[in-house]
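See structure below.
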Amino acid sequence: MAARGHVQDPNDRRLRPIYDYLDNGNNKMAIQQADKLLKKHKDLHCAKVLKAIGLQRTGKQDEAFTLAQEVAILEPTDDNSLQALTILYREMHRPELVTKLYEAAVRKVPTSEEYHSHLFMAYARVGEYKKMQQAGMALYKIVPKNPYYFWSVMSLVMQAISAQDEKLSQTMFLPLAERMVEKMVKEEKIEAEAEVQLYFMILERLGKYVEALEVVQGPLGEKLTSELQSRENKCMMLYRRLERWAECNALSCKLEIVPFDPDDWQFYILYFDSLFHLIDQSWAPPQEGAHSAEGEVHASTAQAISFMKDRIATEEAKESKHLRGPYLARLELIRRLRVRSCPEAQQLGEPLELMFQFFVKFGDKPCCITDLKIFLDLLTPDQHVQFINRLMEAVPLCAPGEDGVALPGDTRALQRHLCVTQLSRSLGQQHALNTEGKLGLIKELKAHYQHGLQFGDQNMLWQCLGLLEEGLSHSSSNAQFKLLLLLLYCRLGAFEPVVDLYSSLDAKHVQHDTIGYLLTRYAESLGQFAAASQSCNFSLRFFHSNQKDTSEYIIQAYKYGAFEKIPEFIAFRNRLNHSLHFAQVRTERMLLDLFLEADISSPLEESVKSMSLCLEEDDIPWDSLRDNRDLTVLVSWDPKDRQLNEEHKQRSLEEDTLWLRLRSLTLRLIGCVSALTHPPASRNSEKTTENGVTAKPSSLQSLLSQLENTLNQATQLTEKQPQYPFVGPVASRLAQALSSGCCQCQLSSLQLPLHLQELETTGLDESTELQTQISNLFKSLAVQLQDMLEKCKGDLLEVKDGQSKPQPFLLENLVYFVESVCIVLWVSNYCGSVLRPLKSTSTVTPPVLSAYQEFSSSLQSLLNQALEHIKSQELSLTALELGALSLEGQTQSEAEETFTKTAMDKVHSSYLRSLQEIGELLKKRADTLKSLKI
């Protein structure tokens, strides 16, 4: 809490110790101090609220809320109480209560600028745009300051942006906002740049580009000074939208010459776009007067070529600090002329020679590769080898050593060699090598890497890990090394080293959404449940704080007049709220909590109740889900045909969305099972759980049908498995889950409650056929679980002829088996609650009871087998001496061997950790089997 300034009010002196205790995190002492103060001063409302804050921070939310409402109902108007209540409501995530607080304060003190301002900001936090508009105008009437007036205008714009009806936005909200600003313009009351920016935004959204251009070019435009070339950029954008290509061409040409930023690539692109539009329109300059309002216009290829030659000549005349823009623009012009089959392209030169000259000038800069890569398509296939050979001639290398490898002498030469190597890969030359050639290239590149350090089959996989570990030891901040290691370890099924790797990336803010999927995709599926909980928390903490943080950004934007940023903040918040990753993490976290806790530390019903799970309605916005993953975070130098493409992205999104749908439906069905659980006495009455969820057979049937349909879609989708690039999207869990048999097994088990409900309604005497059906389901379920367990058997680290081969899919299968066992046990628990009372009403043991008891026994046997398998795997891995394993056929230095063994140790340790956590969970589940007996 903020430190308090010196004031005359004696209450501030009395409250000071409580503030200090809260600031220092000593909440218990704050509560005690507040109690002491309240004994002497019962009407000191702020002390009550500060006590409530202490209670909130010690986990006593209900007490805190009750205490706060006692004060709020009195409608306080003192600053201390209002500020303390605001802090409390924010910590409770109840911003809507702050609005009521200041509404009351404004009613009591209608002339207070401070309270009106706080009320406006409170509305901003909850997105009440209409009330914000009213509050802004009320504030302007009390204190006629421009910012308050424009708060109201911006709130009108936000109503237009958020309105579902576009027609309403265009005919009511935006025109009203426009008239409000025009009134200030006519009265010459426009004072700040922010007000002009807002006027421009309104005109732009109304499509009044001519009027917007007049504003920018008129006296108001002179206030646009906070950004370099702000007026020019806005004019350029408006010319483009108005398709005034002559002005667009002249302005872009002028901006490339004047010393604002002659290397700005966007102006070259706009110049070329406008040039070819003018050529297509057969534009001719007027016989008299200027070509356009912006000056001379280029409307022919001859003028464009002449212009480019002049720009190049200007650069060539410089002795140093050449700009890359003109040289790249020349290549861009060649490309565009070639697309149009214009013979004039030859006048600019041969692309191979021009790209070679560019390399000579800029090859020692890291940007050279990305600059040239986009123009490689200008080379014909038979020029590829010639091009790389020409570039190698410009790389100064020392004489070859004993190993026949020529190495660079300094960092500039090293950067040039790196650029040529990357371009060679992009042209597909490295992929065209045979196996011997590729191994030779690997040897050569390793030699180059080892040399560069002075300046700053399965065996190959282990060596790759070792090489990356070595690289990371020398370059501890290299994100690419970390990301590659993270991917490799995950694909080997070793999650333990991944946690530290991801943590060392120090992901900030939105990166928890864009790259967080790399962590959360593998955590739970590889059996590291504790790390999975932690990983989910990392991501969820960001998503949950986003709502609060964005509100604060919006308020700051209003305060400082950054109106154009407000729609961006709101769009950003919506994008995160609709994030696919957010929905995935939220669903997986709830499932994980149930697998780890339900019916172990707390009953299933209580666990579901604590999650506020909505069984009847799906709270995932399927139609507006956003894929915010950064699939290009790993740099790829592969040729175009081996790179990530839109088809890969779309396929990955489909798989992840289907997997989320499966998991979401499974979660809701587990919630339904918990809602069905009931004491024997109520079996013939309406079944309701404590959380108010009524167990409706219709909703259960509906969810089961949806799950079955989704499972069919998933099966069809995974029939043809795509091969994603290594640095592309990580494979979805969908294919492995289907392969393990867990999805079908979970569906079968979740169908049982529906049949049991029918049996309960029908009774034992008239349900022979139904009993047979249920008995067959029990038998089928036992067979499916046994099949799943068989798919888990095998060695995680298979050792053959002194070489180790990881089999990570066995670990995933084992996790899916455990998940299925959890669901089967919850369903069995419900089955037992239905069958127990039926047993007492029958003198002969019904077939369904016998089948249930047999199923319970087979479950016990199955879990014992699983635990024995896990134990044997732990013993096998513990006894495995990694030091004795060989990397046959591969020559490694002593240092390389050390790093490779380190990587192998990490995989080995991770496997043991996963087996330990899976075994512990399975033991706890085995203990709950006793409750199934009838």
Side-chain angles (χ1 to χ4, degrees), residues 457-470 472 484-501 521-532 726 730-731 733 735-737 739-740 788-818 865-890 892 896-923:
D457 91 302
Q458 296 297 327
N459 281 346
M460 295 306 296
L461 183 59
W462 291 122
Q463 281 201 85
C464 188
L465 276 173
L467 192 62
L468 287 168
E469 286 283 4
E470 184 181 3
L472 194 59
L484 285 168
L485 273 170
L486 188 149
L487 274 184
L488 280 172
Y489 278 128
C490 282
R491 292 191 182 196
L492 285 172
F495 191 74
E496 195 173 49
V498 168
V499 178
D500 289 336
L501 281 168
R521 151 65 181 88
Y522 290 101
E524 195 255 352
S525 64
L526 296 177
Q528 304 256 338
F529 302 126
F726 177 74
V730 294
R733 294 177 64 184
Q736 191 61 39
S739 168
S740 73
M788 284 185 68
L789 182 57
E790 292 304 317
K791 290 178 182 176
C792 302
K793 291 181 178 176
D795 291 327
L796 275 173
L797 266 178
E798 186 181 49
V799 179
K800 194 174 181 181
D801 300 327
Q803 297 184 44
S804 63
K805 178 186 177 184
Q807 300 191 100
F809 66 91
L810 294 174
L811 206 53
E812 279 203 70
N813 285 352
L814 197 53
V815 170
Y816 291 131
F817 172 76
V818 175
Q865 286 180 54
L867 288 167
E868 283 173 19
H869 168 66
I870 292 169
K871 189 68 179 172
S872 69
Q873 279 295 295
E874 286 182 18
L875 291 170
S876 172
L877 282 171
T878 305
L880 185 64
E881 293 184 15
L882 293 176
L885 300 177
S886 68
L887 295 173
E888 191 177 323
Q890 305 300 328
Q892 285 190 304
E896 288 175 329
E897 276 190 24
T898 303
F899 286 109
T900 302
K901 295 299 182 192
T902 300
M904 293 174 83
D905 285 338
K906 287 181 178 180
V907 173
H908 179 261
S909 169
S910 182
Y911 283 172
L912 279 171
R913 176 72 172 270
S914 295
L915 288 170
Q916 182 186 355
E917 291 199 32
I918 293 169
E920 285 174 1
L921 178 55
L922 211 50
K923 280 176 194 170

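Atom set for the values below is all heavy atoms of this structure, side chains included, hydrogens, waters and symmetry mates excluded.
Between Thr900 and Glu470 there is no side-chain heavy-atom pair separated by less than 4.5 Å. No side-chain heavy atom of Cys490 sits under 4.5 Å from any side-chain heavy atom of Val730. Residues Phe899 and Leu467 form no side-chain contact, since every pair of their non-hydrogen atoms from C-beta on lies 4.5 Å or further apart. Taking 4.5 Å as the limit, some side-chain heavy atom of Arg733 sits within range of a side-chain heavy atom of Arg521. Using a 4.5 Å heavy-atom cutoff, the side chains of Tyr522 and Arg491 are in contact. In this structure the side chain of Pro806 reaches within 4.5 angstrom of the side chain of Trp462, judged on heavy atoms. The shortest distance between side-chain heavy atoms of Lys791 and Phe817 does not fall below 4.5 Å. Inter-residue side-chain proximity for Leu526 and Val498 is flagged as unmet; no heavy-atom pair is nearer than 4.5 Å.
Residue Met788 holds its CE atom at 9.5 Å from OH of Tyr816, rounded to the nearest 0.5 Å. Remark: Leu484 CG to Leu465 CG distance equals 10.0 Å, nearest 0.5 Å. Taking OG1 from Thr878 and NE2 from His908, the interatomic distance works out to 6.0 Å, rounded to the nearest 0.5 Å. Note: Ser872 OG to Leu877 CG = 9.5 Å, rounded to the nearest 0.5 Å. Separating the CG atom in Leu485 from the CG atom in Asp500 is a distance of 12.0 Å, to the nearest 0.5 Å. Atom CG of Leu814 sits about 4.5 Å away from atom CD1 of Ile870, to the nearest 0.5 Å.
Listed here is the closest heavy atom pair of Gly794 and Gln873: O-NE2, 3.1 Å. Ser525 and Val815 get closest at one heavy-atom pair: O-CG2, 3.4 Å. Minimum heavy-atom separation, Gly493 to Ser910: O-OG, 4.3 Å. Minimum interatomic distance between Cys464 and Leu488 (heavy atoms only, all atoms of both residues): SG-CD1, 3.8 Å. Here the closest heavy-atom approach between residue Gly466 and residue Ala903 is recorded as N-CB, 4.4 Å. The two residues Gln807 and Tyr911 come nearest to each other via the heavy atoms N-OH, 4.4 Å.
The number of heavy atoms from other shown groups lying within 6.0 Å of NZ (Lys871) does not exceed 12.
Judged purely by atom type and a 3.5 angstrom limit, Ser739 has no side-chain atom pairing as donor or acceptor with the backbone of Ala735.
By the 4.0 Å N-to-carboxylate-O rule, Arg913 lies close enough to Glu917 to be salt-bridged with it.
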Checking Glu496 against Lys906 for the side-chain contact (heavy atoms from CB on, under 4.5 Å) test, could you report, in this order, the C-alpha distance in whole Å, the side-chain angles of both residues, the deciding distance, and whether it holds?
CA-CA 8 Å; Glu496 195 173 49; Lys906 287 181 178 180; over 6 Å; no

Derivation of the side chain to side chain donor-acceptor pair (under 3.5 Å) call for Glu469 and Thr902
CA-CA 8 Å; Glu469 286 283 4; Thr902 300; over 6 Å; no

Before you tell me yes or no, could you show the steps for Leu501 and Leu472 under side-chain contact (heavy atoms from CB on, under 4.5 Å), namely the whole-Å CA-CA distance, both residues' side-chain angles and the distance that decides it to 0.1 Å?
CA-CA 10 Å; Leu501 281 168; Leu472 194 59; 3.8 Å; yes

